[in-house]
Amino acid sequence: MEHALLNYVNGQWTRSQAGTYLPVMNPATADVLTTVPLTPAQEVDAAVQVAAEAFQGWRRIPATDRIQYLFAFKNLLEENLDDLARTITEECGKTFNESKGEFRRGIENVETACGIPSLMQGYNNEDIASGIDEHMIRQPLGVVAAITPFNFPGMIPLWFLPYAIATGNCFILKPSEKVPTTSHRLFELLEETGLPAGVVQLIHGGKETVDALLDHPVVRAVSFVGSTPVARYVYERAAATGKRAQCQGGAKNTVVVLPDADLDMTTRIVADSAFGCAGQRCLANSLAVTVGAAREPFTEAIAEAAATRRVGYGLADGVEMGPVITAESKTRIERLVGVAEQEGARVLVDGRGGQVDGFENGYWVFPTILDGLPLDGEIANTEIFGPVFGLMHVESLDDAIALINRKAYGNMACLFTSSGAAARQFRYEVEAGNVGINLGVAAPMAFFPFSGWKASFFGTLHAQGRHAIEFYTQTKVVVERWPREWSRVF
Ligand code: NAD
């Protein structure tokens, strides 16, 4: 087990006593890159105890000093960007440019959290009654944890870590066991910043590790990103021990194309959204609803874009799309395309069984277009999480909005149009937390909340921005009276 990944506990790289280590694969080659421990509950407990102790010192360090570590971290991320991006491509499969792009969004969160001295400020009133003043102070919670998915190994941990520690908490990350090496690299850089021991800890693992964090009475808050069934489970189990929880789940994002949309721009942007990161983005467009006369030209153009997308190893020049994450994922995606056919959809572009020369063992699914999906069928309502794009057709914007609002998920909805009135109606009526107008991936900047709705989110406060500050702090209200007669007055 020489190359097995280590946990990072109490400022030390620590070998887990786990009975099981899983292989971490390069999805383009099926080569084993390393192995990752499924850390057992007693080691989670030890890390939580360390964090609880470290918290007593860390919360007393002024916020202006705490953020110096984040400034240093940001610089290290910039200096190591190419190396980090290569790590993501190797274990996650996305193209090198996509990997760099995701890190950019991660770094943006570190930058935003550097504003904590202002962002964390409270508020107050003098004389709420005669001679009585009232203050609201934000204080950190203590030990907090995040559980993250495979599809953004660099960015998603940074939706949480910078805000959690800047506000004075101690933070434990349990990254996806499919892509743990990127987190390992992140923690090497965090170590270089000289952060005090116990402020951040990295615990690899799977379900047992997650359950140990969820059940631990000392862990005060849990951030989760992953599939909807697990998000719901984490939310419920975290509540059982009185934790705060913000749980981001899956998606089935619909884009509406009106006849007045710019066809070339729409096609290019929608194809990037649907097939970028091999369709494994929670903000991927996976369904298009064309309205009226948009049907024919858009169907033709998107089919052409799908058929001509260059698929291959993410580190090779000119590649626009990598493999999907695992062999199981490939099998599941190809099976769901078969289900769509049985439901009556036409497979306009069939990406099943795709092969890349020199990478015969890779988990390839090429871009796929399904036309005429039945509205209430399985596929129109299932998150496929692969490069499979479905087309549906209606006669009005009202019908398109109604179709979206019937769906269980509410992560993102997009509209392509040149009409301001249509855009306003869509923005106003659509039931989704992230909305794109003439955009295919409406990913909020770090200083806005990542606002999934419905089955795409369980909780109240989302990741990023001001929501993150509120999530990681508890408010304390102090009402005080200082009569003059009690004090010596000079
Ligand atoms: P996943 O739910 O399988 O795993 C996410 C995390 O939960 C991992 O760390 C995993 O180890 C852990 N986990 C898995 N099963 C568990 C269980 N039964 N009990 C406890 N922990 C468990 O998700 P994934 O396949 O890694 O990621 C893809 C999913 O994430 C997609 O559904 C995608 O839409 C979603 N996602 C959502 C967002 C968002 O912001 N809403 C962002 C990225 C990804």
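Start at 1 and go down the list; that is how both ligands and their atoms are numbered.
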inquiry  = Among all the protein's non-hydrogen atoms, which is closest to atom 41 (N) of ligand 1, and how far away is it?
reply    = Gly249 O, 2.8 Å

query = Numbering the atoms of ligand 1 from 1, which are under 4.0 Å from a heavy atom of Phe450?
reply = 40 (O)

request  = Any atoms of ligand 1 less than 4.0 Å from a non-hydrogen atom of Val210? List them with their elements.
outcome  = 20 (C), 21 (N)

Ion pair check, Glu108 and Arg105, cut-off under 4.0 Å = yes

task = Would you mind telling me which of Val388, Val347, Val365 makes a side-chain contact (heavy atoms from CB on, under 4.5 Å) with Arg352?
result = Val347

ask   = Just checking, any donor-acceptor pair under 3.5 angstrom between side chains of Thr167 and Asn169?
value = yes

query = Do you know which of Leu202, Leu5, Thr35 makes side-chain contact (heavy atoms from CB on, under 4.5 Å) with Pro180?
reply = Leu5

key: Val234 N/O under 3.5 Å from ligand 1 N/O   = no

Top protein contact for atom 40 (O) of ligand 1, by heavy-atom distance = Gln248 NE2, 2.6 Å

task = Working to the nearest 0.5 Å, report the span between CG of Leu287 and OG1 of Thr254.
result = 4.5 Å

key: Atoms in ligand 1 flagged as close to Ser176, the criterion being non-hydrogen separation under 4.0 Å   = 9 (O)

Distance in Å, Tyr8 OH paired with Gln201 CD, rounded so as to fall on 0.5 Å steps = 9.0 Å

query = Going by the atom numbers of ligand 1, which of them fall below 4.0 Å from some non-hydrogen atom of Trp159?
reply = 40 (O)

inquiry  = Ring-plane angle category for Phe389 and Phe298, please: parallel below 30°, perpendicular beyond 60°, tilted otherwise.
reply    = perpendicular

query = What protein heavy atom is closest to atom 7 (O) of ligand 1, reported as residue, atom name and distance in Å?
reply = Phe224 CE1, 3.3 Å

remark   = For Asn411, the ligand 1 atoms with a heavy-atom partner under 4.0 Å come out as 41 (N)

request  = Assess the side chains of Asn381 and Lys252: does a donor N or O sit below 3.5 Å from an acceptor N or O?
outcome  = no

query = Has Phe152 got any heavy atom lying under 4.0 angstrom from an atom of ligand 1?
reply = no

Electrostatic pair Arg104:Glu78 at N-O distance under 4.0 angstrom = yes

note = Check: of Pro229, Gly452, Ser227, min heavy-atom distance to atom 23 (O) of ligand 1 comes from Ser227

task = To the nearest 0.5 angstrom, please state how far the CD atom of Gln246 sits from the NE2 atom of His462.
result = 9.0 Å

remark   = Applying side-chain hydrogen bond (donor to acceptor under 3.5 Å, both in side chains) to Ser273 and not counting sequence neighbours gives Asn285

ask   = Side chain, backbone, both or neither: which part of Ile147 has a heavy atom under 4.0 Å from ligand 1?
value = side chain

query = Listed by chain and number, what are the ring pair (Phe, Tyr, Trp, His ring centres under 6.0 Å) partners of Phe152, not counting sequence neighbours?
reply = none

ask   = Could Lys243 and Asp215 be called an ion pair, given the rule that one side-chain N must be under 4.0 Å from one carboxylate O?
value = no

note = Counting from 1 in the order shown, the ligand 1 atoms closer than 4.0 Å to a non-hydrogen atom of Asn151 are 43 (C), 44 (C)

query = For ligand 1, does Gln280 get within less than 4.0 Å through its side chain, its backbone, both, or neither, judged by non-hydrogen atoms?
reply = neither

request  = Could you tell me whether Tyr409 approaches ligand 1 through its side chain, its backbone, both or neither, with non-hydrogen atoms closer than 4.0 Å?
outcome  = neither

message = Considering both backbone and side-chain atoms of Lys174, is one of its nitrogen or oxygen atoms within less than 3.5 Å of a nitrogen or oxygen in ligand 1?
response = yes

request  = Could you check atom 24 (P) of ligand 1 against the protein and tell me its nearest heavy-atom contact, residue, atom and distance included?
outcome  = Phe150 CD2, 3.6 Å

key: Backbone or side-chain N or O of Glu177 under 3.5 Å from ligand 1 N or O   = yes

inquiry  = With a cutoff of 4.0 Å, is Ile156 in contact with ligand 1, counting heavy atoms of the residue only?
reply    = yes

query = So which bit of Glu383 gets within less than 4.0 Å of ligand 1, heavy atoms only: side chain, backbone, both or neither?
reply = side chain

ask   = For atom 15 (N) of ligand 1, what's the nearest protein heavy atom and its distance?
value = Val230 CG2, 3.7 Å

remark   = among protein heavy atoms, the one nearest atom 18 (N) of ligand 1 is Lys207 CD, 3.7 Å

ask   = Can you find a non-hydrogen atom of Phe457 under 4.0 Å from ligand 1?
value = no

query = Do Tyr313 and Phe359 make the cut of ring centroids closer than 6.0 angstrom?
reply = yes

query = Between Lys178 and ligand 1, does any nitrogen or oxygen pair lie at a separation below 3.5 Å?
reply = no

message = Among all the protein's non-hydrogen atoms, which is closest to atom 36 (N) of ligand 1, and how far away is it?
response = Cys282 CB, 3.6 Å

query = What is the ring orientation for Phe385 with Phe150, classed by angle as parallel under 30°, tilted 30 to 60°, or perpendicular over 60°?
reply = perpendicular

task = Say whether Asn7 and His204, considering side chains only, have a donor N or O and an acceptor N or O under 3.5 Å apart.
result = no

ask   = What residue and heavy atom of the protein are closest to atom 8 (C) of ligand 1, and at what distance?
value = Thr148 O, 3.3 Å

ask   = Measuring to protein heavy atoms, does anything land under 4.0 Å from atom 4 (O) of ligand 1?
value = no

